[in-house]
Amino acid sequence: MKESSREKVASLIPVVTEFEKPFWDSLQDEKLMVQKCQKCGNVQFPPSPVCTHCLSNDVKWIPCSGKATLWSKVTFHKFYLEPYNDVPYSVVMAKLEEGPVVTGRISEEAASKTPFDAPLSAAYVKTADGTVVVEFVPA
Ligand SMILES: [Zn+2]
């Protein structure tokens, strides 16, 4: 797992509810999890207590392959939140192989060289406060 000097990232994470806890716990184990509806098969992220397609409350957590494609990207040249003061930095919206779109960091070099729809892989970064976040790298 890569280490990051960013600090106080945990302070930016919203209060983790019982519905989001499996996602954050899985990152600690370097796994990416999303929810799958057991009634209609809808795969969703962010987590919800019910299926966002059919409203069934029979949703289970499934592990993701970590494979994704670059759906959107942006590079920040001004920082807005102290833990993210290492500008410039880039963020992608990665469309997971399982369907949902997840946001994560990407290196500036990779962001500038990676075209839309290019394959990405999930990687895991431990920040200075111990929080593990997902980052994407070209596959
Ligand atoms: Zn459903």
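Whatever order the structure lists ligands and atoms in, that order sets their numbers, starting from 1.
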Practice task
Would you please test Thr127 and Asp129 for side chain to side chain donor-acceptor pair (under 3.5 Å) and show each step?
Solution key: CA-CA 5 Å; Thr127 63; Asp129 65 8; 2.6 Å; yes

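Around atom NZ of Lys67, no more than 12 heavy atoms belonging to other residues, nucleotides or ligands sit under 6.0 Å away.
Using the six-membered ring where Trp is involved, Phe23 and Phe45 have ring planes that are tilted, between 30° and 60° apart.
Coordination check, His53 versus the Zn ion (ligand 1): failed, since every N/O/S atom of the residue sits at 2.8 Å or beyond.
Pairing each heavy atom of Lys95 with each of Trp71, the nearest pair is N-CB, 4.1 Å.
Rounding to 10 degrees, one finds that the Zn ion (ligand 1) sits at the corner of an angle of 110° between Cys37 SG and Cys40 SG. Taking the Zn ion (ligand 1) as the corner point, the angle from Cys51 atom SG to Cys54 atom SG is about 110° (rounded to 10 degrees).
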